[in-house]
4 protein chains.
Amino acid sequence: MKKNKPKYKQIIDAAVEVIAENGYHASQVSKIARKAGVADGTIYLYFKNKEDILVSLFEQKMGQFIEKIEEEIKTKSNAKEKLLSLIEMHYQQLAHNHHLAIVTQLELRQSNKELRLKINDVLKRYMLVIDHIVEEGMEEKHFDQNLDMRLVRQLVFGTLDETVTNWVMNDQKYDLMKQSKGVHQLLINGLAQKTN
Amino acid sequence: MKKNKPKYKQIIDAAVEVIAENGYHASQVSKIARKAGVADGTIYLYFKNKEDILVSLFEQKMGQFIEKIEEEIKTKSNAKEKLLSLIEMHYQQLAHNHHLAIVTQLELRQSNKELRLKINDVLKRYMLVIDHIVEEGMEEKHFDQNLDMRLVRQLVFGTLDETVTNWVMNDQKYDLMKQSKGVHQLLINGLAQKTN
Amino acid sequence: MKKNKPKYKQIIDAAVEVIAENGYHASQVSKIARKAGVADGTIYLYFKNKEDILVSLFEQKMGQFIEKIEEEIKTKSNAKEKLLSLIEMHYQQLAHNHHLAIVTQLELRQSNKELRLKINDVLKRYMLVIDHIVEEGMEEKHFDQNLDMRLVRQLVFGTLDETVTNWVMNDQKYDLMKQSKGVHQLLINGLAQKTN
Amino acid sequence: MKKNKPKYKQIIDAAVEVIAENGYHASQVSKIARKAGVADGTIYLYFKNKEDILVSLFEQKMGQFIEKIEEEIKTKSNAKEKLLSLIEMHYQQLAHNHHLAIVTQLELRQSNKELRLKINDVLKRYMLVIDHIVEEGMEEKHFDQNLDMRLVRQLVFGTLDETVTNWVMNDQKYDLMKQSKGVHQLLINGLAQKTN
DNA sequence: CATGAATGAGCGTTCATTCAT
DNA sequence: GATGAATGAACGCTCATTCAT
C-alpha cells in the first residue's frame with residue numbers, strides 16, 4: 001500500500017508546508033518535490049497528478065482531524081457536552097497547527113470546483129458526526145424535535161468554518177480557543193427545545 | 001466618471017456570465033471582451049488589469065446587493081423582523097441571479113489572498129448591517145445582553161454563506177428561499193434573551 | 001508646407017525630449033502627443049507614422065547641425081583649420097544640447113535597419129563636407145595624395161562618433177570639447193603628406 | 001557547467017542565424033527554439049530570459065573573437081605589426097562570418113541601453129588589447145609619447161567599427177580585408193612619433 | 001524504484017493607428 | 001483642422017507531466 005510508505009507522507013507534509021509558506025498558486029510540483037527531498041518524477045510514482053496530492057492531503061489530514069474529534073466525543077455522555085467537545089477539538093487542532101489551518105481555510109479553497117467537490121466528500125464524514133450529535137440531542141429532548149437536519153448541519157459547520165477563517169485571515173492574532181464557550185452557547189440556544 | 005459609462009457595466013456583466021459559464025480559471029480576458037462586444041484592448045481603458053475587473057465586479061454587485069437589503073430593512077420595525085428580512089433578501093437576490101450566485105460563492109473564492117482581502121473590504125459594509133440589527137435587538141431586550149459581537153456576526157454570516165454555497169454546489173436544485181424561516185428561527189433562538 | 005507650421009516643430013521637439021527622458025522603447029506616440037500639447041490623432045496630420053517622426057527629427061536637427069558646420073568652415077582658409085573647425089563644431093553642438101546628443105548617439109540607434117538606412121541618407125551630406133575638406137587638403141599637398149576617400153571618411157566620422165558616444169555613455173561627465181585638439185592632431189597626422 | 005552543454009551552444013548559434021535572417025525585432029524566442037531544434041521551454045533551462053540569450057551570445061562570440069586576436073598578436077614582435085595583425089584579424093573574422101557581422105554591427109545595437117551597457121563590458125577586454133599595443137609602441141618610441149590613451153582607443157576602435165558597419169550596410173559587397181593595409185597606414189601615421 | 005532534462009500549450013497586456021464627431 | 005475612444009495583433013514565459021536512463 002502506497003499510503004504507508006514513508007515518501008507518501010513526506011510528500012504530503014512537504015505540500016502542506018510549501019502551500020502554507022508560498023500560497024496555493026506559487027506551489028509548484030517541483031517546489032514540493034525539493035522540500036520532500038525527492039525528484040520531481042518521484043511525485044508521480046505516488047500521486048496521479050498535482051490535484052491528487054491536494055485531495056490526498058485533505059483526506060489524510062482531515063481524516064485524522066475527524067478521528068480525534070470522534071474519539072473525544074465518545075467520552076462525553078450527552079449531546080450538549082459532545083457539541084462543546086466538537087467545537088473545542090475543532091478549534092484546538094487548527095490552533096495547534098498553523099500551517100494546516102492556512103492550507104485548509106485559505107489556500108485549498110483557491111482550487112477549482114472539481115477539487116472542491118472531492119473535498120466536500122471528505123467533509124461528509126464530519127457532517128455525519130454533527131448529525132449524530134443533533135439526533136442524540138433530539139432524542140434527549142434537549143434539542144427541538146422539528147429541526148431541519150440540513151440547516152442545523154450548515155449552521156454548525158458554517159459558524160465554525162467562518163470563525164476559523166476569520167481568525168486565519170486576521171493572522172491568527174487572537175485566541176481562537178477562548179471563543180469555544182461563546183459559540184457553544186449560541187448554537188445550543190439555536191438548537192434548544194423551545195419550552196414556551 | 002468611467003463607472004457610469006455603458007461599456008463599464010457591459011464588461012462587468014460579461015465577466016459575470018463568462019466566469020459563471022466557464023469557471024474562474026478558464027475566463028480569459030479575450031473571452032470577456034468578446035462577450036461584452038468590445039475589443040480586448042478596450043477592457044484596459046476601463047480596468048487597470050484582469051484582477052481589477054473582478055474586484056470591481058464584486059464591488060458593484062455586492063454594493064447593490066447590500067443596498068437593497070438596507071432599503072428593505074428600513075421598512076421593518078424591530079430586530080427580529082429585520083433579521084428575517086435580511087435572510088430573505090440575501091437568499092432571494094442570489095436565487096434570482098444564478099450566475100451571480102455561482103460567481104460569488106464558488107468562482108471568486110479561487111482568487112488569491114490579495115483579491116480576497118479586497119473582497120473582505122466590501123463585505124465589511126454587510127457586517128455593519130448585521131451589527132446594527134443585533135445592537136437594536138439587544139436594546140429591545142429581545143437579544144441577549146452579553147453577546148460577543150464578532151461571534152454573532154460570524155454565526156449569522158457563516159450560516160447564510162454556508163447555506164447558499166451548499167445550495168449552489170448542489171446545482172441549485174432545491175428551493176433556497178424556503179429555508180429562510182428555519183434559519184431565522186435557529187438564529188433568533190441562538191441570540192435570544194435567556195429568560196431562565 | 002507642413003514643415004513650417006508651428007505644430008510640426010512642436011511635435012519634433014516634444015519627441016526629442018520624450019525620447020531623451022524615457023528612452024526609445026518607452027516613447028509612445030501618446031507620450032509625444034501629450035508633451036507637444038496635441039491629441040494623438042493630430043500627430044498623424046503631420047507625420048505618416050511613428051517612424052516618420054523619427055526620420056523627420058533626424059533630418060531637421062541634423063540638417064541644422066550640418067549647416068552650422070558648413071557656415072563655420074567657410075570662414076577658414078585651409079584644410080587643417082577646416083578640419084579643426086569641423087571637430088570643434090561637432091563636439092560643441094552636441095555638448096550644448098544634451099537631449100539631442102542622447103537621442104542621436106544612443107536612442108535612435110535602437111531603431112530598425114530600415115530607419116537607419118534613412119538616417120544614413122541624411123548623413124551623406126555630412127560625409128560630403130568631410131570629403132571636400134580632404135580633397136582640399138590633398139590639393140594643398142598637406143594631405144597624402146593616395147588617400148582612399150572612403151577610408152578617410154570612415155576614419156574621421158568613426159572617430160568623432162565613437163568619442164561622442166563614449167562621452168554620452170559615461171553620462172557626459174567629462175569635457176568633450178577639450179578633446180578637439182587631440183583628436184585633430186591624431187587625424188591630421190594620419191592624413192598627412194609623408195615627407196620621408 | 002551549462003555553458004559547455006551542447007544545447008547551450010546550439011541555442012546561441014540558432015540565435016545568431018535567426019537574428020541575422022529576420023532582424024532583431026522579428027526574432028521571437030519560439031523562432032530561435034525551432035531553429036535550435038529544441039522546445040521553447042528548453043531555452044529557459046539554459047538562459048534566464050531573452051535578453052540573457054543576447055548577452056551570452058555576445059559574450060561567447062566576442063570572447064572567441066578577442067581570444068583569436070590575442071593569440072595572433074603574440075606572434076608579432078612590435079607594435080606596428082601587432083596593430084596590423086589586430087586590424088586583419090578583426091576584418092577577417094567578421095568577413096568570414098557574415099551572420100555574426102550582421103548581428104554585432106547592426107542588430108544587437110537595437111537593444112536597449114541596459115543591454116548595450118553589458119555589451120560594453122565585454123568590449124572592455126578588447127580595449128585593453130588596443131591599449132597594450134599602444135603602450136608597447138610608445139615604449140618602442142615608434143608612437144608619440146604624449147598620446148591620450150582614451151582618444152587613441154576611440155580612434156582605433158571607432159575607425160574599425162565604422163568601416164565594418166559601412167561594409168555590412170552596403171551588403172558586404174566589397175572586399176573588407178583589402179582595406180586592412182590602408183587603415184593600418186592611416187592609424188600608424190596618426191600615432192607616429194613626430195620626428196620634426 | 002528513482003531521476004531530472006525536456007516538453008509545449010496557453011494568456012494578459014501594450015500601443016501604433018484609425019475614424020466618427 | 002483637431003480630437004481621443006476604440007481597435008486587435010503579437011509574444012515572452014511558466015510549469016505540470018513524461019520518459020529514457
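Proteins come first, then strands; the chains are lettered A, B, ... in the order of their sequence lines, and each starts at number 1.
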Sugar-phosphate only, base, or nothing, as touched by A/L45 at under 4.0 Å among non-hydrogen atoms: base

Touch class at under 4.0 angstrom, heavy-atom based, for B/V29 against every strand present: base

I want to check one thing: is the phosphate of [N], taken as OP1 and OP2, less than 4.0 Å away from some side-chain N or O of [X]?
| X | N | answer |
| --- | --- | --- |
| C/S30 | E/dC15 | no |
| D/Y46 | E/dA6 | yes |
| C/K7 | F/dG1 | no |
| C/K50 | E/dT17 | no |

Upstream residue (5' side of DNA chain F) when A/K48 and C/D40 are each assigned their closest nucleotide: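 In this pair, the answer is C/D40.
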
Residue whose nearest DNA chain E nucleotide is more 5′ - D/G41 or C/S27: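 Counting from the 5' end, the first nearest nucleotide belongs to D/G41.
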
5′-ward residue of the pair D/T42/A/T42 relative to DNA chain E: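 The residue closer to the strand's 5' end, by nearest nucleotide, is A/T42.
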
Cationic N near anionic O, under 4.0 Å, A/K124 to A/D121: yes

Note: A/K31-A/E21 ion pair, threshold 4.0 Å (strictly below):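 Salt bridge flag = no for A/E21 with A/K31.
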
Whole angstrom value for the distance that separates [atom2] of [N] from [atom1] of [X]:
| X | N | atom1 | atom2 | value |
| --- | --- | --- | --- | --- |
| D/I53 | F/dG12 | CD1 | C1' | 10 Å |
| D/D52 | F/dC13 | CG | P | 10 Å |
| D/R34 | E/dG8 | CZ | P | 12 Å |
| A/Q28 | F/dT17 | CD | P | 13 Å |
| C/K31 | E/dT14 | NZ | P | 12 Å |
| B/I11 | E/dT13 | CD1 | P | 14 Å |
| C/K5 | F/dG1 | NZ | C1' | 8 Å |
| C/Y44 | E/dA16 | OH | P | 7 Å |

Side-chain touch D/K3/D/E59, heavy atoms, less than 4.5 angstrom: yes

Any B/Y8 side-chain heavy atom under 4.5 Å of B/S56 side chain: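 Yes. Closest side-chain heavy atoms under 4.5 Å.
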
Candidate pair C/N97 and C/K61, rule side chain to side chain contact (heavy atoms under 4.5 Å, CB included), full reasoning: CA-CA 11 Å; C/N97 195 339; C/K61 298 299 182 185; 5.9 Å; no

Separation between OG1 of B/T104 and CG of B/L123, rounded to the nearest 0.5 Å: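 One finds 9.5 Å between OG1 of B/T104 and CG of B/L123.
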
Distance-minimising heavy-atom pair for C/I19 and C/S27: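 Shortest heavy-atom separation between C/I19 and C/S27 comes out as CA-OG, 3.3 Å.
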
For DNA chain E, stems built from three or more consecutive Watson-Crick or G-U wobble pairs below 3.5 Å: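 For DNA chain E the paired stretches long enough to count as stems (3 pairs minimum) are E:2-21 with F:2-21.
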
